[in-house]
Amino acid sequence: MAFAHGVTGGDQEFLEQNSGRNLIVFAYLGAKHMVTGYDHLLFLFGVVFFLYRMRDVGIYVTLFAIGHSITLLAGVLGGWHVNAYLIDAIIGLSVVYKALDNLGAFKQWFGFQPDTKAAVLIFGLFHGMGLATKLQDFALSEDGLVPNMLAFNLGIEIGQMLALAGILIAMGFWRRISDFHRHAFAANALLMTAGFVLIGYQLTGFFVS
Amino acid sequence: MSTISTQTQHPTVSQLAKATLAAVAAAGLILITTVLPAEYGIDPTGVGGRLGLGVLAANHDTETSSPAPAVRPAQSAGQAPSAASSPADHFQIASKAAEAFGANAGQSFDTAAVSLREAPYRNDTLSLTLEPGKGAEVKALLKAGDGIVFHWAGRATSPWTCTVSAPMPRALGPAMPSNVRNAKRPAPSPHRSTAAMAGIGRTVAPSR
């Protein structure tokens with residue numbers, strides 16, 4: 001498959017054959033896409049890594065959701081044609097960026113801290129474009145497209161909340177360990193590695209296809 | 001928003017540089033030895049092949065959900081024993097296909113995925129009547145490496161679809177999707193209309 005992860009098998013068949021409004025199924029597919037989407041999850045993991053208060057988690061995740069909703073809906077309904085490989089490479093870059101941000105690298109290297117909220121919103125826009133390209137691979141029926149896309153988007157948010165709950169619970173246990181801060185450096189270096197793998201994977205796809 | 005710097009001792013510039021370089025190096029190693037061999041069949045070190053990951057790349061080539069390039073040479077699947085190789089073969093196959101199917105909008109034919117054959121072809125014709133909203137599954141059992149060329153002509157009052165897949169029989173190995181063309185031809189008007197499509201399917205035997 002070309003993208004970081006896609007919609008395959010029976011789901012794909014459904015998407016191609018569906019005609020008309022089918023809200024529950026589209027919401028389910030949206031949620032499934034998010035929960036099984038390691039590229040989105042890696043970025044979310046990076047975003048909440050140093051967020052201790054639920055209020056902050058809510059703010060950042062809302063910004064991410066606003067970003068990816070805008071481009072998902074605009075991309076599919078507006079019929080944008082963006083290269084899936086390049087978008088997925090940028091999603092990989094977002095993971096690298098967030099890991100470096102967590103490590104304090106920008107402050108250390110360039111002497112200033114880029115706005116973290118703006119970064120989450122902007123990368124959210126790219127994640128949404130990635131979601132749009134996955135759906136655009138299919139010949140989606142125009143019949144009921146708008147409600148179906150809204151349902152898919154709602155499903156994405158539900159899936160994101162579920163995944164986030166899992167991440168936060170795991171992080172909660174992790175932070176109780178006194179070694180958390182020593183682990184933090186290694187964890188973000190690993191996160192960065194995963195981001196570089198995603199970039200290399202997608203850019204290779206771009207050049208060989 | 002805290003970063004690691006406010007939580008613990010600041011990582012130094014050189015620590016950060018080392019971590020970044022290590023991340024790039026580790027990512028490169030992972031890509032070259034596993035991801036690229038498995039996903040694209042690019043295997044400069046041969047490690048992916050020794051790990052048996054090449055079989056995945058052969059599969060990925062045929063996934064319909066990828067932004068499919070119009071023509072994908074069969075050689076990239078690495079398992080086409082007698083695929084057409086010369087331009088003359090391609091031309092001959094293309095003209096045979098054009099003769100058999102005629103020209104239909106949205107139709108694509110991958111000449112690289114099939115090969116010429118001396119033995120006589122077997123021809124079957126099958127008519128199906130489908131209830132609204134229902135489908136039917138048509139199966140053809142092939143020898144490994146054999147090809148099938150199909151052509152559906154449908155008369156429908158509403159949009160209809162045809163998907164093709166070619167799993168291997170369980171007895172021969174794990175189920176593998178094969179070279180697949182997936183087409184959708186909606187009937188544009190509510191009037192009785194005829195839609196036609198053509199495509200090919202080829203089974204690829206597991207490498208072991």
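By convention in this document, chain letters (A, B, ...) are assigned in the order of the sequence lines, proteins followed by strands, and residues within each chain are numbered from 1.
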Does any heavy atom of chain A fall under 4.5 Å from the side chain of [X], the backbone, both, or neither of them?
X: B:Leu29; result: neither
X: B:Leu16; result: both
X: B:Thr20; result: both
X: B:Val24; result: both

Interchain contact, A:Ile199 with chain B, by part (heavy-atom threshold 4.5 Å): neither
Do the ring planes of A:Phe49 and A:Trp174 sit parallel (below 30°), tilted (30 to 60°) or perpendicular (above 60°)? perpendicular
Check each of A:His40, A:His68, A:His33 against A:His127 using the ring-ring contact (aromatic ring centres under 6.0 Å, His included) test, and report the only one that passes. A:His40
Are the side chains of A:Lys98 and A:Thr116 in contact, using a 4.5 Å heavy-atom criterion? yes
Less than 4.5 Å apart, side chain to side chain, heavy atoms only: is that true for A:Tyr60 and A:Leu51? yes
Begin from the C-alpha positions of A:Phe43 and A:Tyr97 and carry the test ring-ring contact (aromatic ring centres under 6.0 Å, His included) through to its verdict. CA-CA 9 Å; A:Phe43 183 68; A:Tyr97 178 93; 8.4 Å; no
Heavy-atom pairs under 4.5 Å with chain A - which of B:Ala19, B:Ala27, B:Ala22 has more of them than the others? B:Ala27
